[in-house]
Undergrad: 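If you scroll down you'll find the structure; I have some questions about it.
Given the structure is predicted, the values throughout are model-derived calculations rather than measurements. Note that these values count all heavy atoms, side chains included, but never hydrogens, waters or copies made by symmetry. First the proteins, then the strands, lettered A, B, ... as listed; each starts at 1.
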2 protein chains.
Amino acid sequence: MISRERILEAAGRVYAKHGFRGATTRLIAIEAGVNEVTLFRTFGSKSALIDAVLMQQAVSKPALELPATPIDPAAELTPWVQMNLERVREIRPLLVHSMGEIDERPEAAEFACRGRQMVHECITRYVRALQDNGMADAETDADTAAVMLVGTVMSDAIARSFVPAVYPPLDEAAERYTTAFLRMLGVKKVVST
Amino acid sequence: MISRERILEAAGRVYAKHGFRGATTRLIAIEAGVNEVTLFRTFGSKSALIDAVLMQQAVSKPALELPATPIDPAAELTPWVQMNLERVREIRPLLVHSMGEIDERPEAAEFACRGRQMVHECITRYVRALQDNGMADAETDADTAAVMLVGTVMSDAIARSFVPAVYPPLDEAAERYTTAFLRMLGVKKVVST
DNA sequence: TCGGCAAGCAAGTAGGTACTTGCATACCCA
DNA sequence: TGGGTATGCAAGTACCTACTTGCTTGCCGA
């Protein structure tokens, strides 16, 4: 049963590189250092194997939380944005391929959507809390701001690798996005608490 | 020479659905209502055909311009954002597939990047003009705001189809994004000019 | 010491893939 | 009227694909 994990990891790497059609059972077997037959005996079919890969990825994320009651928004949001940037960057090839394959393999949809949904709920809750606590302008369009922050994170994490020129430097991105986001919401800087 | 265009269009549709590997020459030929051999006689190879498809797409865009000297930012930006949303939505499947195939087929990279680059330059020029004219706060991070607007547009156009719940209604999106963007820049509303 | 189980190996099946070749038709322009 | 040019059709090549079958090997626990 050691080979099960080896195959899953190998399949993940190969799928990330080549997508479903390009991830041949032969390639995966070689990458896993395993006989091709073992792959069928363990997972039944190539589709089942790839599904298992995506399923595992979707489950293995412990969800990045934000405090229920905000205190220092910039200090709380910046690392959250940073972490989300890194996470999406990690799974970028998987994400892009499964997005392209949604029509042909609807099973890929859940993987492509789940993370996005969760992040959206998290940030939306947070901005609501900001408004309720009077730390953000009550009349601003908080939902839109949240959508824009998450959209920015996705766009950066996915597109930076092939259009690097347009994005802020890697080590400044999270802070800049956060600052601009808080500006949108009309949040004042916290000097000391 | 009529078939050349027919093949190009058909190849575009099939590629959009199935990606490079899934867009078989047989499928394309059937979709074009043309003999498979004609396809090879006209383009030489499948790769050359798909390259031609992407090349044509990349060239056929006349670039959406913004005024060199802003007068009413909201009125100028909203339709621009709307148009860009629609454009990216149109080529979404093409974009997603070519993004996934960049590693394997670097020729796809130009198509995936070109539009993004141009839009970025356009909006950056515009916000600079806003700042120069004193219509936007001079000390705000205009570049980051521009990146966020474009990132939002890309994210909406690409992800709305499979995570519709998180995005603002279709007919309000452009206006909301524009409003939030102008807020980020500290642009006051123009009442009448 | 033996039985079961995971895995490897070699070979095969049935189908799909890009691409080629040779030949038959049309059609248009000179 | 004749020749080039675009296209169709049938067949074939060489290779890749997922997946199967039958047999062998090695390990592990009773």
Undergrad: Closer than 4.0 Å, any side-chain N/O of T25(A) to the OP1 or OP2 of dT17(D)?
TA: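 No.
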Undergrad: Answer yes or no: does a side-chain N or O of T38(B) lie under 4.0 Å from OP1 or OP2 of dT7(D)?
TA: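 No, outside the criterion.
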Undergrad: Could you tell me the separation between the CD1 atom of I7(B) and the P atom of dG8(D), rounded to a whole number of Å?
TA: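 In whole Å, dG8(D) P lies 8 Å from I7(B) CD1.
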Undergrad: Given Q57(A), which partner from the list L95(A), L94(A), L8(A) fulfils the side-chain contact (heavy atoms from CB on, under 4.5 Å) test?
TA: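 With Q57(A) as partner, side-chain contact (heavy atoms from CB on, under 4.5 Å) holds for just one option, L94(A).
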Undergrad: So, taking the atom named CE in M135(B) and the one named CG in L130(B), what distance separates them when rounded to the nearest 0.5 Å?
TA: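 Between M135(B) CE and L130(B) CG, I get 6.0 Å after rounding to 0.5 Å.
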Undergrad: Would you kindly give the CD-to-P distance between E5(A) and dA7(C), to the nearest whole Å?
TA: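 Distance check: E5(A) CD to dA7(C) P gives 12 Å.
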Undergrad: What residues from residues 27-35 of chain A pass a heavy-atom cutoff of under 4.0 Å to DNA chain D?
TA: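 Contacts with DNA chain D under 4.0 Å: none.
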Undergrad: Scan residues 47-64 of chain A for pairs that pass salt bridge (charged side-chain N to carboxylate O under 4.0 Å, His left out), counting only residues two or more places apart or in two chains.
TA: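 Applying salt bridge (charged side-chain N to carboxylate O under 4.0 Å, His left out) to every pair that reaches into residues 47-64 of chain A, excluding sequence neighbours, yields D51(A)-R105(A).
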Undergrad: Look at K188(B) together with D137(B) and state whether they make a salt bridge at an N to O cut-off of under 4.0 Å.
TA: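 No, no charged N to carboxylate O under 4.0 Å.
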Undergrad: In whole angstrom, give the distance that lies between atom CZ of R26(A) and atom P of dC9(C).
TA: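 About 14 Å, once rounded to whole Å.
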Undergrad: When you compare the protein's N or O atoms with those of nucleotides 20-25 of chain C, which come within less than 3.5 Å of each other, and at what distance?
TA:
none

Undergrad: Check whether any side-chain N or O of R6(A) sits under 3.5 Å from a backbone N or O of A32(A) as a donor-acceptor pair, and report yes or no.
TA: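 It does hold such a pair.
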Undergrad: Do E36(A) and T25(A) pair up side chain to side chain, a donor and an acceptor below 3.5 Å, judged on atom types alone?
TA: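 Present: a donor and an acceptor within the cut-off.
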Undergrad: Write out a two-atom table: protein N or O, nucleotide N or O from nucleotides 24-29 of chain D, distance below 3.5 Å.
TA:
none

Undergrad: Between E104(A) and R21(A), is there a side-chain N and carboxylate O pair less than 4.0 Å apart?
TA: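 Salt bridge present between E104(A) and R21(A).
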Undergrad: Any chance the side chains of S155(B) and Y167(B) put a donor and an acceptor closer than 3.5 Å?
TA: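 S155(B) vs Y167(B): donor-acceptor pair found between side chains.
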Undergrad: Report the C-alpha distance between F40(A) and L49(A) in whole Å, list the side-chain angles of each, state the deciding distance to 0.1 Å, and finish with yes or no for side-chain contact (heavy atoms from CB on, under 4.5 Å).
TA: CA-CA 9 Å; F40(A) 288 99; L49(A) 167 57; over 6 Å; no
Undergrad: Rounded to whole angstrom units, what separation is found between the CZ atom of F43(A) and the C1' atom of dA7(C)?
TA: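 In whole Å, dA7(C) C1' lies 14 Å from F43(A) CZ.
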Undergrad: In plain terms, say whether D143(A) and R176(B) are close enough for a salt bridge, that is, a side-chain N and a carboxylate O under 4.0 Å apart.
TA: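 No salt bridge links D143(A) with R176(B).
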Undergrad: Between R4(A) (CZ) and dA7(C) (C1'), how many Å, whole number?
TA: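 In whole Å, dA7(C) C1' and R4(A) CZ are 16 Å from each other.
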Undergrad: Search all heavy atoms of A173(A) against all heavy atoms of R160(A) and return the closest pair with its distance.
TA: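 Reported closest heavy-atom pair: CB-NH2, 3.6 Å.
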Undergrad: Which parts of residues 12-24 of chain A get close to DNA chain D, meaning a heavy atom less than 4.0 angstrom away?
TA: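 Listed by number, they are A23(A), T24(A).
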Undergrad: Distance only, no hydrogens: is a donor on one side chain within 3.5 Å (strictly under) of an acceptor on the other, for T144(A) and D141(A)?
TA: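 Judged by distance alone, the side chains do pair up.
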Undergrad: Going by the side-chain hydrogen bond (donor to acceptor under 3.5 Å, both in side chains) test, which pairs reach into residues 91-101 of chain B, not counting sequence neighbours?
TA: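 Only Y15(B)-E101(B), R92(B)-S161(B) qualify under side-chain hydrogen bond (donor to acceptor under 3.5 Å, both in side chains).
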